Peer 1: 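Here it is: the structure, laid out below.
Remember, predicted model here, so these are calculated numbers, not experimental data.
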Amino acid sequence: MIPDNFEYAAPRSLKEALELLGRKPDAKLLGGGMSLIPALKHRLAATSLLVDLGRVPDLEGVSEKRGRISIGARTTHAALAIPGALADVHVIHETAGAIGDVQVRNRGTIGGSLVHADPAADWPASFLALDGEAVVVGPKGERTIPAAQFFTGMLASAPKHDEVLTEVRLSAERKRAGTAYVKLRQPASGFAIVGVAACVTLDRRGRIEHAAVAVTGSNPVPFRAAALEKRLVGQTPDAATLRPLCARVEEADPMDDLHASVAYRAHLVGVFALRALVAAGARAAS
Ligand SMILES: Cc1cc2nc3c(=O)[nH]c(=O)nc-3n(C[C@H](O)[C@H](O)[C@H](O)COP(=O)(O)OP(=O)(O)OC[C@H]3O[C@@H](n4cnc5c(N)ncnc54)[C@H](O)[C@@H]3O)c2cc1C
C-alpha cells in the first residue's frame, strides 16, 4: 500500500531534530523504519513530517563506563549481534541475533524497537533484565527513564512525542555472573511468541545470589518475573532444581492469538524461563 503524503526532513544535529519535532504535533521520528514504514504504508500510522535520525551524529555505537554499558539509540540490531567487546554479556548479542532476518537486523535499531514497544519484540526483555535506563532529550533537556517505567502499555512507551531517545544504558555485572536470552520464534516474522532474558549472579558456594528474569511475548506489556526471582535466591542453577520453581510464573497473563493460546503461552513462559536461567547459571559458574 502507499502511505498518505508527508514531508521528509533529515536533520544533521539533535538540536535541529528537536526543532523539527516541535514544529508539528504529529511529526514522527524515523529510526530504522522497520516498524514505522510498514505502519505508514498500511495506514495504521500517519504523519505530516517524518524526521529521519540517520544523519544525526553520536547516536550509534557501544561503550562502557563504570560498570554500565552505553548503547547509542540508533545502533542496529546487526551491530549488536556481533559479540565483540561485549562477548561475555551473552544476553545482548543473543537478543540482537534473534531478531527477524538479516535485512531487519541491518536496518532496525535498539532505540526504535524500545520506543515502538511491540509486545512480541525481543529487546524489551533484555532491557528489563539488565536494569536498563533510557536517556531521552526533549525541549526541556535530558531525562532518564528506568526500564521499569518505560513500557506504559501495548505499543506504548514513556518517551513523549517531542523527545528523542539518544542512549540505552544497561548494567554489566561480570563477577560470578551470567546472562542469556532464549525465545520461541514466530516462524514467519521471527517475533517472540515468548522470549525470556535472564541474569544470574552466584555466591561463592555456587548458589544464586541474585536473579533477574524478564519476559516478552506473553503479556501485552513485558514484565519482570518478580516472584520467581525471589524463589531463586539460594538455589543451585541446575535444571532439576529450577524446573519446579519455574513451573508457574505468577505475573504471566498471556495473550491469546492465532500463534498460541493462553495455556500454551503460560506453559512456554515457564519452559523458556528455565532454559534462560540454566544457560545464565552455567555461564556464571564457568
Ligand atoms: C519482517 C520483520 C520482522 C521483524 N522481526 C522482529 C523480531 O523477531 N523481533 C523484534 O524484536 N523485532 C522484529 N521486527 C521489528 C524490528 O526490530 C524493528 O527494528 C523495530 O521494531 C523498530 O526499530 P526501528 O529502528 O526500525 O524503528 P522505526 O520503525 O523507525 O520506529 C519505530 C517507532 O519508534 C520511534 N523511534 C525510532 N527511533 C527513535 C528514537 N531514537 N527516539 C524516539 N523515538 C524513536 C518512531 O517514531 C516510531 O514510532 C521485525 C520487523 C519486520 C519488518
Peer 1: With sequence neighbours excluded, what pairs up with D253 under the side-chain hydrogen bond (donor to acceptor under 3.5 Å, both in side chains) test?
Peer 2: none
Peer 1: Are P119 and T216 close enough that some pair of their side-chain heavy atoms sits under 4.5 Å apart?
Peer 2: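 They are not in side-chain contact.
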Peer 1: Counting C-beta onward and ignoring hydrogens, is there a side-chain heavy-atom pair between R169 and V135 closer than 4.5 Å?
Peer 2: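 R169 vs V135: side chains touch.
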Peer 1: If I compare all heavy atoms of A240 with all of P244, which pair ends up nearest, and what's the gap?
Peer 2: O-CD, 3.3 Å
Peer 1: Hey, does the side chain of H116 reach the backbone of G112 with a donor-acceptor pair shorter than 3.5 angstrom?
Peer 2: no
Peer 1: Taking CG in L44 as the centre, count heavy atoms belonging to other residues, nucleotides or ligands within less than 6.0 Å. Is the count above 12?
Peer 2: yes
Peer 1: Do L202 and V213 sit in the same hydrophobic cluster, where Ile, Leu, Val, Met, Phe, Trp and Tyr count as joined when their side-chain heavy atoms come under 4.5 Å apart?
Peer 2: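 Both belong to a single hydrophobic cluster.
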Peer 1: Taking H161 for the side chain and P25 for the main chain, is one N or O donor matched with an acceptor at less than 3.5 Å?
Peer 2: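 Judged by distance alone, yes, a pair lies under 3.5 Å.
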Peer 1: Just by distance, with hydrogens left out, do S261 and D256 show a side-chain donor and acceptor under 3.5 Å apart?
Peer 2: no
Peer 1: Quick one: does any side-chain atom of Q149 pair with a main-chain N or O of P146 as donor and acceptor, under 3.5 Å?
Peer 2: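 Not confirmed, Q149 side chain does not pair with P146 backbone.
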Peer 1: Could you tell me whether the side chain of D131 and the main chain of S171 form a donor-acceptor pair under 3.5 Å?
Peer 2: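 Flag not set: sc D131 to bb S171 has no pair under 3.5 Å.
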Peer 1: Walk me through it: do L184 and Y264 pass the test side-chain contact (heavy atoms from CB on, under 4.5 Å)?
Peer 2: CA-CA 12 Å; L184 179 67; Y264 182 47; 3.9 Å; yes
Peer 1: Given side chains that start at C-beta, do those of I71 and E167 come closer than 4.5 Å, heavy atoms only?
Peer 2: no
Peer 1: What's the verdict on salt bridge (charged side-chain N to carboxylate O under 4.0 Å, His left out) for E19 and K15, showing C-alpha distance, side-chain angles and the deciding distance?
Peer 2: CA-CA 6 Å; E19 278 166 12; K15 188 167 170 263; 3.7 Å; yes
Peer 1: Could you identify which residues cluster with V262, counting Ile, Leu, Val, Met, Phe, Trp and Tyr as linked when any side-chain heavy atoms lie under 4.5 Å apart, either directly or through a chain of such contacts?
Peer 2: none
Peer 1: What pairs with F150 under ring-ring contact (aromatic ring centres under 6.0 Å, His included), at least two apart in sequence or on another chain?
Peer 2: F127
Peer 1: Can you name the closest pair of heavy atoms from T75 and G61 and give their distance?
Peer 2: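 Distance-wise, the nearest heavy atoms are OG1-N, 2.9 Å.
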Peer 1: Between R224 and E229, is the closest basic N to carboxylate O distance under 4.0 Å?
Peer 2: yes
Peer 1: On a heavy-atom basis, which atom in L277 and which in C246 lie closest, and how many Å separate them?
Peer 2: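 Smallest interatomic distance, heavy atoms only, reads CD1-SG, 3.8 Å.
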Peer 1: Taking 4.0 angstrom as the limit, do E133 and R143 come out as a salt bridge?
Peer 2: no
Peer 1: Hey, does D162 have a side-chain heavy atom less than 4.5 Å from the side chain of L18?
Peer 2: no
Peer 1: Please assess S113 against H77 for the test side-chain contact (heavy atoms from CB on, under 4.5 Å), listing each intermediate value before the final yes or no.
Peer 2: CA-CA 9 Å; S113 175; H77 311 316; 4.1 Å; yes
Peer 1: Which pairs pass side chain to side chain donor-acceptor pair (under 3.5 Å) with one or both residues in residues 173-184, sequence neighbours excluded?
Peer 2: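 Sorted pair list: E64-R174, D88-R174, D122-Y181, D122-K183.
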Peer 1: Determine, using the 4.5 Å side-chain heavy-atom cutoff (strictly less than), whether V91 and V200 are members of one ILVMFWY cluster.
Peer 2: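 Unlinked, V91 and V200 end up in two clusters.
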Peer 1: Has the side chain of T109 got a donor or acceptor atom that lies under 3.5 Å from a matching backbone atom of T76?
Peer 2: no
Peer 1: Does some side-chain heavy atom of I37 sit less than 4.5 Å from a side-chain heavy atom of L30?
Peer 2: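 Sidechains of I37 and L30: in contact.
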Peer 1: How about D58: does its CG atom have over 12 heavy atoms from other parts shown lying under 6.0 Å from it?
Peer 2: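 Counting neighbours around CG of D58, 12 or fewer heavy atoms of other residues, nucleotides or ligands fall under 6.0 Å, so no.
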Peer 1: Heavy atoms, side chains only, cut-off 4.5 Å: are C199 and L130 in contact?
Peer 2: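 The answer is yes, as the side chains (C-beta and beyond) meet within the 4.5 Å cut-off.
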Peer 1: Quick one, T201 and I208 - any side-chain contact, counting heavy atoms below 4.5 Å?
Peer 2: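 Side-chain contact under 4.5 Å: no.
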Peer 1: Give the intermediate values and the outcome of side-chain contact (heavy atoms from CB on, under 4.5 Å) for residues I69 and V168.
Peer 2: CA-CA 8 Å; I69 296 165; V168 178; over 6 Å; no
Peer 1: For L36 versus K28, what's the shortest heavy-atom pair and its separation?
Peer 2: CD1-CD, 3.7 Å
Peer 1: To the nearest 0.5 Å, what is the distance between CG on D238 and CZ on R243?
Peer 2: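 Nearest 0.5 Å value for the CG-CZ distance: 9.5 Å.
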Peer 1: Nearest 0.5 Å please: distance from the CD1 atom of I92 over to the CG atom of L80.
Peer 2: 7.5 Å
Peer 1: Assess the residue pair R55 and E60 against the criterion (salt bridge (charged side-chain N to carboxylate O under 4.0 Å, His left out)); give the C-alpha distance rounded to whole Å, side-chain angles, the decisive distance to 0.1 Å, and a yes or no.
Peer 2: CA-CA 11 Å; R55 291 182 195 166; E60 287 175 48; over 6 Å; no
Peer 1: Cut-off 3.5 Å, no hydrogens considered: what does the side-chain donor-acceptor table look like for residues 5-13, sequence neighbours left out?
Peer 2:
from, atom 1, to, atom 2, distance (Å)
E7, OE2, K24, NZ, 3.3
Y8, OH, D52, OD2, 2.4
S13, OG, E16, N, 3.0

Peer 1: To the closest 0.5 Å, what do you measure between CG (L40) and CG (L50)?
Peer 2: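 Atom-to-atom, L40:CG and L50:CG are 6.5 Å apart.
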Peer 1: Would V194 and V196 satisfy side-chain contact (heavy atoms from CB on, under 4.5 Å), going step by step from the backbone distance to the final call?
Peer 2: CA-CA 7 Å; V194 163; V196 179; 4.2 Å; yes
Peer 1: Restricting to non-hydrogen atoms, name the atom on P254 and the atom on A266 that form the minimum distance, rounded to 0.1 Å.
Peer 2: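 Shortest heavy-atom contact: CG-N, 3.7 Å.
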Peer 1: Find out whether V278 and P237 are in side-chain contact, i.e. whether some heavy atom of one side chain is under 4.5 Å from a heavy atom of the other.
Peer 2: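 No, every pair of side-chain atoms sits at 4.5 Å or beyond.
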Peer 1: Can you tell me how far the CD1 atom of I145 sits from the CZ atom of F151, to the nearest 0.5 Å?
Peer 2: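 If we round to the nearest 0.5 Å, I145:CD1 and F151:CZ are 10.5 Å apart.
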Peer 1: Supply the atom-to-atom distance D101 CG to M34 CE, rounded to the nearest 0.5 angstrom.
Peer 2: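 Spacing of CG (D101) from CE (M34) equals 9.0 Å.
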Peer 1: Under a plain distance cut-off of 3.5 Å, with no hydrogens placed, do Q235 and T241 share a side-chain donor-acceptor pair?
Peer 2: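 Looking only at side-chain atoms, Q235 and T241 do not form any donor-acceptor pair under 3.5 Å.
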Peer 1: Suppose we screen for ring-ring contact (aromatic ring centres under 6.0 Å, His included). Which residues come up paired with H93, at least two apart in sequence or across chains?
Peer 2: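 Residues passing ring-ring contact (aromatic ring centres under 6.0 Å, His included) with H93: H90.
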Peer 1: To the nearest 0.5 Å, what is the distance between CG on L274 and CG on L245?
Peer 2: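 Answer for the CG-CG pair, L274 versus L245, is 9.5 Å.
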Peer 1: Using the rule that Ile, Leu, Val, Met, Phe, Trp and Tyr join whenever any side-chain heavy atoms are under 4.5 Å apart, tell me whether L29 and V136 fall into a single cluster.
Peer 2: no
Peer 1: Does any N or O in the side chain of R105 come within less than 3.5 Å of the main-chain N or O of I99, such that one atom is a donor and the other an acceptor?
Peer 2: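 Yes: the side chain of R105 pairs with the backbone of I99.
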Peer 1: Taking T47 for its side chain and L49 for its backbone only, find out whether a donor-acceptor pair lies under 3.5 Å.
Peer 2: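 Yes: the side chain of T47 pairs with the backbone of L49.
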Peer 1: Count the heavy atoms belonging to other residues, nucleotides or ligands that lie under 6.0 Å from CZ of R185, then report whether that count exceeds 12.
Peer 2: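 Atom CZ in R185 is crowded, with more than 12 foreign heavy atoms closer than 6.0 Å.
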